[in-house]
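Contents: one structure, followed by commentary.
Predicted model, so just to flag it, every value in this text is computed and none were measured. For ligands, and for the atoms within them, numbers begin at 1 and follow the listed sequence.
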Amino acid sequence: MKRISILGATGSVGQNTLDLVRRTPERFTVVALTGGHNITQLAADAIEFQAELAVTAHEDLLEDLRAALSHTQIEVAAGATALIEAAARPAQWIMSAIVGVAGLPPSFEALKQGTTLALANKESLVTAGQLLMNTARVNHARIIPVDSEHSAIYQALVGEDTAAVSRVVITASGGAFRDWPIEELQNATLEQASNHPNWDMGQRITIDSASMFNKAMEVIEAREFFGFDPEQIEVLVHPESIVHAMVGFCDGGFMAHVGPPDMRHAIGYALNWPQREVLPVEPLDLAGIGQLNFQTPDPARYPALRLAREVMERRGLSGAVFNAAKERAMDHFIDGRIGFADMAQVIEQVLTQVSADNGLIDAEITLDQVLQVDHLSRNNADRVVKGMNS
Ligand code: NDP
């Protein structure tokens, strides 16, 4: 029996992970499940999977969780420290699927126990890539990427020498607004931005897909995880979302990873690694799809990709600035304080101001520094938004 924990169990990736575990429960012992506001789901899953521990991120919900599990032996806890303790509980495989920078401290803690970390929380690599990779190395932990593009690259590199890689292509669906006139983007509503044409995902990553800030995060993630140079990483819009990534080698050959847009493939690959198991994904009907299209993304439509290049040039803590500004700008968009296209402007201003003001570009990365810079950048984003509205 493999001992596993799922951080962010109540979310889209977490529920897809549990869907796979549910199919062969005899293979797994569930150690810890964590969630946020969705206590009903968390309690139901903790009971179904007989988890040892259930944790909510929110201390004010502890009593609700306790009440929901009062007739069981399942331990309950709440708060940021409890999330870290859940990640520290001995487990052979841990899914990091909390959304946002809140997922970083638990990812970091999980690696310290030398486990296999299935990493969906891209914010961990964007904000603290070098720290995370070093922590994995020192503790003999393994990170298996779960983002579908990075899982695709990971799979294409099996048995290959990364020194022979000439370039990688990460594909992007183009999101909800790929065919909209650019001048109308500012008026896009929250509902429209939350509707992905191909993938069924959590709300925040769906909005980030519409603006391509999700792809910007993935480019930085690929740089941090695989160590490719920024100029080796290319993005192509591929509306069919069938080719997830391609790896080009020095001899001119390309390995393309092809699969249906179903996260259970990448999650299942990480869960079963190094084996492959049958997964409940639809078989591909390539003849039915007929043709695959690829286009260069329009820089005017997607300023996020240019900002990702700036972050990769600066490195240091600029990934933490970028992510915090992005998360906060999205909060303001969700709350109706700024328009869709304003998000990029907020992020660009914060990136320029915080990096320049604080000499953070070459700073050494520690977890505390990342969290401090995150805090500073959020406040800065709030000031920028206030300025826009005054
Ligand atoms: P969801 O919003 O669906 O789920 C997020 C999970 O994190 C939920 O369990 C939520 O709890 C919990 N959570 C939210 N806020 C906090 C917090 N402050 N502290 C602790 N836990 C919290 O997100 P997704 O599953 O879509 O995405 C998770 C991560 O995986 C993200 O980093 C995303 O970018 C990445 N990813 C997602 C993909 C997808 O297909 N969805 C694909 C590739 C990567 P609750 O809901 O109970 O409040």
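For the pair N139 and Q113, the minimum side-chain heavy-atom distance is 4.5 Å or more. No side-chain heavy atom of T366 sits under 4.5 Å from any side-chain heavy atom of L131.
Within the structure, the closest approach of K122 to ligand 1 falls below 4.0 Å when heavy atoms are considered. For the pair A97 and ligand 1, a heavy-atom separation below 4.0 Å is found.
Scanning for side chain to side chain contact (heavy atoms under 4.5 Å, CB included) contacts around L20 gives R264, I267, L271, L279, P280, with sequence neighbours left out.
Residue, atom and distance of the protein heavy atom nearest to atom 48 (O) of ligand 1 are H37 N, 2.8 Å.
Using a cut-off of 4.0 Å between Lys/Arg side-chain N and Asp/Glu carboxylate O, E224 and R315 are scored as salt-bridged. In this structure, R23 pairs ionically with D19, as a charged nitrogen and a carboxylate oxygen lie closer than 4.0 Å.
Here T10 has heavy atoms under 4.0 Å from ligand 1 in both its backbone and its side chain. With a 4.0 Å cut-off on non-hydrogen atoms, A57 touches ligand 1 through its side chain and not its backbone. Only the side chain of L83 comes within 4.0 Å of ligand 1, counting heavy atoms alone; its backbone N, CA, C and O stay farther away.
Remark: ligand 1 atoms within the under-4.0 Å shell around heavy atoms of G202 are 3 (O), 26 (O), 41 (N). For ligand 1, the atoms closer than 4.0 angstrom to any heavy atom of M201 are 39 (C), 40 (O), 41 (N). Near A102, meaning under 4.0 Å from any of its heavy atoms, are these atoms of ligand 1: 17 (C), 18 (N), 19 (N). Per-residue contacts place N121 under 4.0 angstrom from the following atoms of ligand 1 (heavy atoms of the residue considered): 32 (O). Of all atoms in ligand 1, listed by their number and element, those nearer than 4.0 Å to a heavy atom of V13 are 25 (O), 30 (O), 37 (C), 38 (C), 39 (C), 41 (N).
The closest non-hydrogen atom to atom 44 (C) of ligand 1, taken over L125, L7, V99, D147, comes from D147.
In this pair, F294 and H238 present their aromatic rings parallel. The plane angle is below 30°, not in the 30 to 60° band.
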